[in-house]
Amino acid sequence: MTLAHAYTAASATDPLVPGTIRRREVGPRDVLIEIAWAGVCHSDIHTARGEWGPVSYPIVVGHEIAGTVLEVGAEVSSHRIGDRVGVGVMVDSCRDCAHCREGYEQYCLNGMVGTYDGIDRDGSPTQGGYSTHIVVDEHFVLRLPEGIPFEKAAPLLCAGITTYSPLRHWNVGPGSRVAVVGMGGLGHLAVKLAHAMGAEVTVLSHSMRKQEDGLRFGAVAYRSTEDPATFQELAGSFDLIVNTVSAPLDTDAYLGLLTLHGTLVIVGLPPEPASVSLGQLLGNRRSFAGSNVGGIAETQEMLDFCAEHGIAPEVEIIPAAAINEAWERVIASDVRYRFVIDASTFTP
Ligand code: NAP
Ligand code: ZN
Ligand code: ZN
C-alpha cells in the first residue's frame, strides 16, 4: 500500500484541497508510478463539479499522467523500473470482449474503468492523477518516447489521443479539409495533428484572440464563429469538422459547413443535449458522430507519431496550489494551451 499526496474535491462546489489517498498493493501485473506531471483536462472540471452526473466524493481527478516507474509486479514484462511512462483516461477493461480484443478498450462491452470515478478491483472508486503516485495494470501504461519532453507528454494522454483517434478514423490525410472548432487543450493539438497528417486545417474559434497561434500550429485559416459571414463563406467546405468545445453550440450551423459525405464529429462534451435538424443530415449525405479517447495500442501509436513529427502541446506549468485558479482560467478559455501540474508540489 502506498500513501500518496493528492488534491481532492469534497463536493461539487468545494475547491480542491491537499490530502492523502491510499494506492493499492502492487499486484503481479501492476506498475507503481511516481507521477511527475499531471495535465488539466476540462473533463476534470465537468466531473468534479458533477456536471455530467453524480460522482463519489472525495474525488481526485486528473487523467493526463506522466511519470517514472518505481516498482513493478512479478509478471510485468512491458515496463521496467526507471522507465518514463504515461497513463490516460482508462486504467482497466475486461480485455476479453470483442471490442477490447480489437484494441477498442475505451468501448469495452463490459465497461472500461476510468482513471477517476471508476470502480477499482477492490470496489473502491478510482482516484486520478492530481497525485504523487498511482498503481496501474501494465496494459494501461504507455511508453513515453524519448523525443517528447517529459512535461509536455502528459496532455497527449487525453487531449492528444482524443483528437488523433477521430482524425485517423475518418482517414484524414493530404487533400483533407478539416475544421477544428475551439482551440483549447484538445483543439490546439487537433490543429497540430491534422496538419502533420497533411490536411488543410481551418480553426473556428469564438474569438480572433488566438489567430497568430493557430496559424503557427499549422492552420491555413482562422475564423471567428461570432461572425455570421464565417458560416456563409465556408458553407459546404469541410470533409471533417472536429468539435472540441466544452459548451453547447448550434449543431445545424456547423453541419452546414460540411461538403458531400462530410462528418461533424463531437469530442467536446458539454452536459446539455444537442439538437439537430434532420434535414441538415440529408443534404450532402452528412454524418453527425462522436468519438471517445482512443484504445491503448492507438495511444501508443499517437505518442510515437508525435515523437516522429515533433508534435507536443503548448503547456503552462503550475504548482498544485494554483489549481483552483487554473480551472477558472480554463473555463474562461484563458489557457495557452494546457495547464500541467508539477506533481512534486502535491507533497506539502
Ligand atoms: P478547453 O481547453 O477548455 O477548450 C475548450 C475550447 O472551447 C476553448 O478553448 C474555447 O475555444 C471553446 N469554448 C469554450 N467555451 C466556449 C463558449 N461558451 N462558446 C464557444 N466556444 C467556447 O477544454 P478541453 O480540455 O480541450 O476539453 C474540451 C471538451 O472536450 C470538454 O467538454 C471535455 O470534457 C471534452 N473531452 C472529451 C474527450 C473525449 O474523449 N471525447 C476527451 C477529453 C475532453 P476558442 O476560444 O478557440 O473558441
Ligand atoms: Zn481528458
Ligand atoms: Zn472489454
Side-chain angles (χ1 to χ4, degrees), residues 1-8 16 18-24 26 30-41 43-44 60-73 76 78-91 115-116 126-161 185 189 293 296 299-300 302-304 306-307 310-323 326-327 330 335-348:
M1 186 97 58
T2 303
L3 202 62
H5 294 284
Y7 264 54
T8 67
L16 303 194
T20 53
I21 51 170
R22 286 171 197 282
R23 295 301 190 180
R24 67 167 185 251
V26 178
D30 282 340
V31 175
L32 169 64
I33 299 165
E34 180 175 30
I35 300 175
W37 306 102
V40 174
C41 178
S43 302
D44 300 344
V60 176
V61 293
H63 57 204
E64 294 185 335
I65 297 168
T68 307
V69 176
L70 267 192
E71 192 182 328
V72 294
V76 169
S78 41
H79 306 286
R80 285 174 306 186
I81 291 171
D83 283 356
R84 291 196 328 170
V85 293
V87 177
V89 170
M90 302 176 278
V91 289
T115 302
Y116 52 76
T126 55
Q127 302 287 6
Y130 292 8
S131 160
T132 51
H133 298 82
I134 191 167
V135 176
V136 180
D137 184 290
E138 68 166 328
H139 180 76
F140 292 85
V141 176
L142 286 305
R143 291 184 308 280
L144 298 181
E146 280 306 316
I148 301 174
F150 205 9
E151 73 283 5
K152 294 192 172 202
L156 296 174
L157 277 308
C158 176
I161 184 59
L189 280 167
V293 290
I296 293 299
T299 303
Q300 191 65 57
M302 176 275 307
L303 289 167
D304 296 341
C306 288
I311 294 175
E314 311 289 308
V315 303
E316 191 174 330
I317 290 170
I318 54 166
I323 186 65
W327 277 18
V330 171
V335 50
R336 302 287 188 277
Y337 280 83
R338 201 57 146 183
F339 288 113
V340 173
I341 309 165
D342 174 351
S344 68
T345 62
F346 290 126
T347 305

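- Using the six-membered ring where Trp is involved, F150 and W37 have ring planes that are perpendicular, over 60° apart on the 30 and 60° scheme.
- Screening T132, I35, T345, I21 for a side chain to side chain contact (heavy atoms under 4.5 Å, CB included) involving H5 leaves a single residue, T132.
- Using a distance-only test at 3.5 Å, with no hydrogens or angles considered, a donor-acceptor pair links the side chain of R23 to the main chain of Q127.
- The distance from atom CD1 of I161 to atom SG of C306, rounded to the nearest 0.5 Å, is 9.0 Å.
- The distance from atom CD1 of I65 to atom CD1 of I134, rounded to the nearest 0.5 Å, is 4.0 Å.
- The main-chain N or O of V85 is never found under 3.5 Å from a side-chain atom of H79 such that the two would form a donor-acceptor pair.
- Side chains of L142 and I296 form a contact here, defined as non-hydrogen atoms less than 4.5 Å apart.
- Annotation for E34 and L70: closest pair CB-CG, 3.8 Å, computed over non-hydrogen atoms.
- Side-chain contact between V69 and R80 is absent, with no heavy-atom pair separated by less than 4.5 Å.
- Inter-residue side-chain proximity for V340 and P155 is flagged as met; some heavy-atom pair is nearer than 4.5 Å.
- Here the closest heavy-atom approach between residue G62 and residue D44 is recorded as N-OD1, 3.5 Å.
- At a threshold of 4.5 Å between non-hydrogen side-chain atoms, the residues D30 and E138 do not count as touching.
- With hydrogens and angles ignored, the 3.5 Å screen pairs a side-chain donor or acceptor of E64 with a backbone N or O of A159.
- At distances below 3.5 Å, not a single donor-acceptor pair connects side-chain atoms of R338 with backbone N or O atoms of P313.
- Across all their heavy atoms, V315 and E151 have their closest contact at CG1-O, 4.3 Å.
- No side-chain donor-acceptor contact under 3.5 Å links E71 to the backbone of L32.
- Residues V87 and L157 fail the side-chain proximity criterion, which asks for heavy atoms closer than 4.5 Å.
- Contact record, A154 with G39: CB-N, 3.9 Å, taken as the closest heavy-atom pair.
- Evaluated for a ring pair (Phe, Tyr, Trp, His ring centres under 6.0 Å) with Y7, the options Y130, W327, F346 yield exactly one hit, F346.
- Counting only distance, with no hydrogens or angles, the side chain of T115 and the backbone of G128 share no donor-acceptor pair below 3.5 Å.
- Under the 4.5 Å side-chain criterion, counting only non-hydrogen atoms from C-beta, L156 is in contact with L189.
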